[in-house]
Amino acid sequence: MTTGEKLALLREKKGITQEKLSEILNVSRQSVSRWETDISFPETDKLIILSKFFECSIDFLLNEDIQENEANSLDMSIDDCCKFIRECGYFFLATSLDNQPKLRPFGMIYSNKKALYIVTDKRKNVYSDLIVNPQIEMASYNLSTRRWIRIRGRAEADSSILIKEEMINAYPLLKQKFDGDAEMFLAIFKILIDEFNIF
(Lines give C-alpha, C1' and ligand atoms only; values in the text may rest on other atoms or scores of the structure.)
Protein backbone atom coordinates (compact mmCIF):
# COMPACT_ATOMS: atom_id res chain seq x y z
CA MET A 1 0.00 0.00 0.00
CA THR A 2 1.45 3.37 -1.03
CA THR A 3 1.78 6.42 1.21
CA GLY A 4 -1.05 8.10 -0.70
CA GLU A 5 -3.38 5.12 -0.24
CA LYS A 6 -2.60 5.05 3.48
CA LEU A 7 -3.27 8.78 3.82
CA ALA A 8 -6.63 8.42 2.05
CA LEU A 9 -7.69 5.48 4.25
CA LEU A 10 -6.55 7.17 7.46
CA ARG A 11 -8.41 10.36 6.51
CA GLU A 12 -11.60 8.40 5.74
CA LYS A 13 -11.24 6.50 9.02
CA LYS A 14 -11.13 9.86 10.83
CA GLY A 15 -14.24 10.89 8.91
CA ILE A 16 -12.82 14.15 7.57
CA THR A 17 -12.72 15.63 4.08
CA GLN A 18 -9.65 16.54 2.06
CA GLU A 19 -10.61 20.17 2.58
CA LYS A 20 -10.67 19.79 6.39
CA LEU A 21 -7.30 18.02 6.37
CA SER A 22 -5.86 20.76 4.16
CA GLU A 23 -7.01 23.38 6.72
CA ILE A 24 -5.34 21.46 9.55
CA LEU A 25 -2.07 21.26 7.58
CA ASN A 26 -2.33 24.78 6.15
CA VAL A 27 -2.04 23.54 2.56
CA SER A 28 -4.41 23.54 -0.41
CA ARG A 29 -7.02 20.83 -0.88
CA GLN A 30 -5.30 20.05 -4.20
CA SER A 31 -2.07 19.28 -2.29
CA VAL A 32 -3.89 16.69 -0.17
CA SER A 33 -5.47 15.23 -3.31
CA ARG A 34 -2.05 14.97 -5.01
CA TRP A 35 -0.59 13.22 -1.95
CA GLU A 36 -3.45 10.72 -1.83
CA THR A 37 -3.04 9.89 -5.52
CA ASP A 38 0.78 9.65 -5.19
CA ILE A 39 1.32 12.49 -7.66
CA SER A 40 3.36 14.36 -5.06
CA PHE A 41 4.67 13.71 -1.57
CA PRO A 42 4.20 15.58 1.75
CA GLU A 43 7.16 17.55 3.03
CA THR A 44 8.90 16.32 6.19
CA ASP A 45 7.19 18.84 8.49
CA LYS A 46 3.78 17.81 7.09
CA LEU A 47 4.62 14.10 7.59
CA ILE A 48 5.32 14.82 11.26
CA ILE A 49 1.96 16.57 11.65
CA LEU A 50 0.18 13.77 9.74
CA SER A 51 1.72 11.05 11.92
CA LYS A 52 0.61 12.87 15.09
CA PHE A 53 -2.86 13.61 13.73
CA PHE A 54 -3.44 10.02 12.54
CA GLU A 55 -1.65 8.55 15.59
CA CYS A 56 0.68 6.39 13.53
CA SER A 57 4.42 6.32 12.96
CA ILE A 58 6.15 8.10 10.09
CA ASP A 59 7.67 4.69 9.26
CA PHE A 60 4.15 3.32 8.82
CA LEU A 61 3.30 6.11 6.38
CA LEU A 62 6.49 5.65 4.38
CA ASN A 63 6.97 1.88 4.49
CA GLU A 64 4.94 -0.29 2.10
CA ASP A 65 5.52 -3.33 4.35
CA ILE A 66 2.64 -2.71 6.76
CA GLN A 67 2.79 -4.36 10.17
CA GLU A 68 -0.10 -6.74 10.69
CA ASN A 69 -1.79 -4.99 13.62
CA GLU A 70 -1.75 -1.60 11.89
CA ALA A 71 -2.94 -3.12 8.61
CA ASN A 72 -5.86 -4.88 10.28
CA SER A 73 -7.08 -1.66 11.88
CA LEU A 74 -6.48 0.39 8.74
CA ASP A 75 -8.32 -1.97 6.40
CA MET A 76 -11.37 -2.38 8.66
CA SER A 77 -14.41 -0.30 7.87
CA ILE A 78 -16.98 0.99 10.35
CA ASP A 79 -19.27 -1.84 9.22
CA ASP A 80 -16.47 -4.32 10.02
CA CYS A 81 -16.17 -2.84 13.52
CA CYS A 82 -19.92 -3.20 14.02
CA LYS A 83 -19.92 -6.77 12.72
CA PHE A 84 -16.99 -7.67 15.00
CA ILE A 85 -18.84 -6.31 18.06
CA ARG A 86 -22.16 -7.94 17.12
CA GLU A 87 -20.40 -11.30 16.73
CA CYS A 88 -19.09 -10.85 20.28
CA GLY A 89 -22.68 -10.41 21.48
CA TYR A 90 -22.00 -7.43 23.73
CA PHE A 91 -19.55 -4.62 24.38
CA PHE A 92 -18.47 -2.45 27.27
CA LEU A 93 -18.83 1.31 27.19
CA ALA A 94 -16.62 3.41 29.47
CA THR A 95 -17.62 6.96 30.36
CA SER A 96 -16.01 9.44 32.72
CA LEU A 97 -17.72 12.08 34.80
CA ASP A 98 -16.01 14.17 37.48
CA ASN A 99 -12.85 12.07 36.97
CA GLN A 100 -14.79 8.95 37.94
CA PRO A 101 -14.75 6.24 35.25
CA LYS A 102 -17.84 4.09 34.77
CA LEU A 103 -17.94 0.88 32.77
CA ARG A 104 -21.24 -0.48 31.48
CA PRO A 105 -22.24 -3.51 29.39
CA PHE A 106 -24.19 -2.78 26.20
CA GLY A 107 -25.74 -5.05 23.60
CA MET A 108 -27.20 -2.93 20.82
CA ILE A 109 -24.93 -1.40 18.19
CA TYR A 110 -25.68 -0.36 14.61
CA SER A 111 -23.72 0.92 11.61
CA ASN A 112 -24.88 2.78 8.51
CA LYS A 113 -21.38 2.55 6.91
CA LYS A 114 -20.61 6.12 8.03
CA ALA A 115 -20.80 5.81 11.81
CA LEU A 116 -21.57 3.51 14.72
CA TYR A 117 -24.72 4.07 16.76
CA ILE A 118 -25.68 2.91 20.24
CA VAL A 119 -28.98 3.20 22.04
CA THR A 120 -29.88 3.86 25.66
CA ASP A 121 -32.68 5.25 27.80
CA LYS A 122 -32.80 8.94 28.75
CA ARG A 123 -33.76 7.90 32.28
CA LYS A 124 -30.43 6.07 32.78
CA ASN A 125 -27.31 7.67 34.25
CA VAL A 126 -25.29 6.76 31.16
CA TYR A 127 -27.42 9.19 29.13
CA SER A 128 -26.66 12.17 31.36
CA ASP A 129 -22.99 11.12 31.62
CA LEU A 130 -22.68 11.16 27.81
CA ILE A 131 -24.39 14.55 27.55
CA VAL A 132 -21.99 16.11 30.10
CA ASN A 133 -18.82 14.36 28.84
CA PRO A 134 -19.08 12.71 25.41
CA GLN A 135 -15.59 11.13 25.52
CA ILE A 136 -15.93 7.34 25.52
CA GLU A 137 -14.07 4.09 25.08
CA MET A 138 -15.63 0.85 23.94
CA ALA A 139 -14.25 -2.66 24.08
CA SER A 140 -15.47 -6.10 23.08
CA TYR A 141 -13.92 -9.57 23.17
CA ASN A 142 -14.67 -12.43 20.80
CA LEU A 143 -14.40 -15.74 22.68
CA SER A 144 -14.17 -17.76 19.44
CA THR A 145 -11.34 -15.83 17.80
CA ARG A 146 -9.79 -14.58 21.07
CA ARG A 147 -9.48 -11.08 19.66
CA TRP A 148 -10.35 -7.70 21.15
CA ILE A 149 -11.60 -4.52 19.58
CA ARG A 150 -11.03 -1.24 21.37
CA ILE A 151 -12.57 2.03 20.20
CA ARG A 152 -11.88 5.54 21.47
CA GLY A 153 -14.05 8.47 20.45
CA ARG A 154 -16.97 10.74 21.24
CA ALA A 155 -20.69 10.11 21.60
CA GLU A 156 -22.99 12.61 19.92
CA ALA A 157 -26.77 12.56 20.46
CA ASP A 158 -28.54 11.77 17.18
CA SER A 159 -32.23 12.57 16.66
CA SER A 160 -32.42 11.47 13.02
CA ILE A 161 -35.72 9.73 12.27
CA LEU A 162 -34.02 7.57 9.62
CA ILE A 163 -31.38 6.29 12.08
CA LYS A 164 -34.10 5.65 14.67
CA GLU A 165 -36.10 3.57 12.17
CA GLU A 166 -33.00 1.66 11.06
CA MET A 167 -32.04 0.98 14.69
CA ILE A 168 -35.56 -0.28 15.49
CA ASN A 169 -35.48 -2.52 12.40
CA ALA A 170 -32.13 -3.94 13.54
CA TYR A 171 -33.44 -4.46 17.10
CA PRO A 172 -37.25 -5.03 17.11
CA LEU A 173 -37.23 -5.20 20.93
CA LEU A 174 -36.71 -1.43 20.93
CA LYS A 175 -40.18 -0.93 19.45
CA GLN A 176 -41.71 -2.84 22.36
CA LYS A 177 -39.60 -1.14 25.02
CA PHE A 178 -40.13 2.40 23.72
CA ASP A 179 -43.73 2.10 22.55
CA GLY A 180 -46.27 4.88 23.05
CA ASP A 181 -45.40 7.47 25.71
CA ALA A 182 -42.08 5.70 26.45
CA GLU A 183 -40.81 6.63 22.96
CA MET A 184 -39.62 10.00 24.29
CA PHE A 185 -37.04 8.20 26.44
CA LEU A 186 -35.29 6.52 23.48
CA ALA A 187 -31.80 8.00 23.07
CA ILE A 188 -29.50 7.21 20.18
CA PHE A 189 -25.86 8.27 20.12
CA LYS A 190 -23.57 8.41 17.11
CA ILE A 191 -20.03 7.26 17.95
CA LEU A 192 -17.44 9.47 16.28
CA ILE A 193 -14.36 7.24 16.20
CA ASP A 194 -10.98 8.81 16.94
CA GLU A 195 -9.10 5.51 17.04
CA PHE A 196 -9.73 1.79 17.00
CA ASN A 197 -7.52 -1.25 17.32
CA ILE A 198 -7.97 -4.98 16.89
CA PHE A 199 -5.61 -7.23 18.80
Side-chain angles (χ1 to χ4, degrees), residues 9-10 12-15 55 67-199:
L9 283 171
L10 287 165
E12 288 169 9
K13 183 179 144 186
K14 278 273 192 189
E55 298 177 3
Q67 293 179 6
E68 184 181 349
N69 62 341
E70 290 184 273
N72 286 342
S73 294
L74 185 62
D75 291 338
M76 284 191 67
S77 68
I78 289 172
D79 273 351
D80 293 331
C81 289
C82 185
K83 184 179 176 187
F84 184 103
I85 294 169
R86 288 187 76 164
E87 286 175 359
C88 295
Y90 63 94
F91 62 97
F92 291 96
L93 177 79
T95 61
S96 180
L97 191 60
D98 299 326
N99 291 322
Q100 294 297 316
K102 292 183 183 176
L103 188 65
R104 300 169 172 94
F106 268 73
M108 297 182 192
I109 190 163
Y110 172 74
S111 165
N112 68 348
K113 300 186 194 273
K114 297 177 186 172
L116 292 176
Y117 296 87
I118 61 171
V119 65
T120 189
D121 190 311
K122 290 181 181 176
R123 296 167 287 192
K124 292 188 176 182
N125 289 339
V126 68
Y127 173 78
S128 56
D129 289 357
L130 290 172
I131 295 298
V132 174
N133 182 0
Q135 298 297 322
I136 57 100
E137 283 201 0
M138 297 166 55
S140 194
Y141 180 70
N142 189 315
L143 287 169
S144 301
T145 62
R146 298 185 179 192
R147 297 182 77 197
W148 283 91
I149 187 168
R150 186 171 179 176
I151 298 171
R152 184 175 54 81
R154 299 171 315 285
E156 180 181 276
D158 190 297
S159 58
S160 161
I161 294 172
L162 179 63
I163 293 299
K164 176 183 160 188
E165 289 173 359
E166 290 175 359
M167 196 90 183
I168 288 172
N169 287 337
Y171 295 99
L173 286 173
L174 288 173
K175 190 166 182 72
Q176 296 171 7
K177 184 174 180 180
F178 295 101
D179 194 26
D181 292 340
E183 184 179 357
M184 66 185 205
F185 297 113
L186 176 67
I188 296 173
F189 285 90
K190 178 195 293 187
I191 304 301
L192 304 170
I193 299 174
D194 292 328
E195 177 186 12
F196 71 89
N197 294 292
I198 305 285
F199 48 95

Query raised in the report: Can you tell me how far the OG atom of Ser77 sits from the NZ atom of Lys13, to the nearest 0.5 Å?
Result: 12.0 Å

Report summary line: When rounded to the nearest 0.5 Å, the distance separating CG of Leu97 from CD of Gln100 is 9.0 Å

**Report entry** ring pair (Phe, Tyr, Trp, His ring centres under 6.0 Å) against Tyr171, all qualifying residues, sequence neighbours excluded
**Finding:** none

Query - Partner of Phe196 by side-chain contact (heavy atoms from CB on, under 4.5 Å), out of Ile151, Asp80, Ile78 - result: Ile151

Query raised in the report: Under a 4.5 Å cut-off applied to non-hydrogen side-chain atoms, are Glu137 and Phe92 in contact?
Result: no

Report task. Could you pull out all residues at least two apart from Thr145 that satisfy side chain to side chain contact (heavy atoms under 4.5 Å, CB included)? Result -> Asn142, Arg147

Report task. Could you grab the distance from atom SG of Cys81 to atom CG of Asn197, nearest 0.5 Å is fine? Result -> 10.0 Å

Query raised in the report: To the nearest 0.5 Å, how far apart are CH2 in Trp148 and CZ in Phe84?
Result: 9.5 Å

Query raised in the report: Sequence neighbours excluded, which residues qualify as ring pair (Phe, Tyr, Trp, His ring centres under 6.0 Å) partners of Phe185?
Result: none

Report task. Find the distance between CZ (Arg154) and CG (Leu192) and round it off to the nearest 0.5 Å. Result -> 5.0 Å

Requested in this report: For Arg152, look at atom CZ and say whether over 12 heavy atoms of other residues, nucleotides or ligands are found less than 6.0 Å away.
Outcome: yes

Under 3.5 Å donor-acceptor pairs involving side-chain atoms of residues 101-110, not counting sequence neighbours:
residue: Arg104; atom: NH1; partner: Thr95; partner atom: OG1; Å: 2.7
residue: Arg104; atom: NH2; partner: Asp129; partner atom: OD2; Å: 2.7
residue: Tyr110; atom: OH; partner: Glu166; partner atom: OE1; Å: 2.5

Query raised in the report: Among side-chain atoms of Asn133 and Ser96, is any donor-acceptor pair under 3.5 angstrom?
Result: no

When the side chains of residues 114-125 are checked against the rest of the protein, which donor-acceptor pairs come out under 3.5 Å, sequence neighbours left out?
residue: Tyr117; atom: OH; partner: Asn112; partner atom: ND2; Å: 3.4
residue: Asp121; atom: OD1; partner: Arg123; partner atom: N; Å: 2.8
residue: Asp121; atom: OD1; partner: Arg123; partner atom: NE; Å: 2.9
residue: Asp121; atom: OD2; partner: Arg123; partner atom: NE; Å: 3.4
residue: Asp121; atom: OD2; partner: Arg123; partner atom: NH2; Å: 2.8
residue: Lys122; atom: NZ; partner: Met184; partner atom: O; Å: 3.4

Requested in this report: With sequence neighbours excluded, tell me which residues meet side chain to side chain contact (heavy atoms under 4.5 Å, CB included) with Ser160.
Outcome: Asp158, Leu162, Ile163

Query raised in the report: For the residue pair Asp194 and Gly153, what are the closest heavy atoms and their distance?
Result: OD2-CA, 3.6 Å

Query raised in the report: Between Ala157 and Phe189, which heavy-atom pair has the shortest distance, and what is it?
Result: N-CD2, 3.5 Å

Query - Any side-chain heavy-atom pair of Ile85 and Met138 under 4.5 Å - result: yes

Report summary line: So CG of Leu143 and SG of Cys88: to nearest 0.5 Å the spacing works out to 8.0 Å

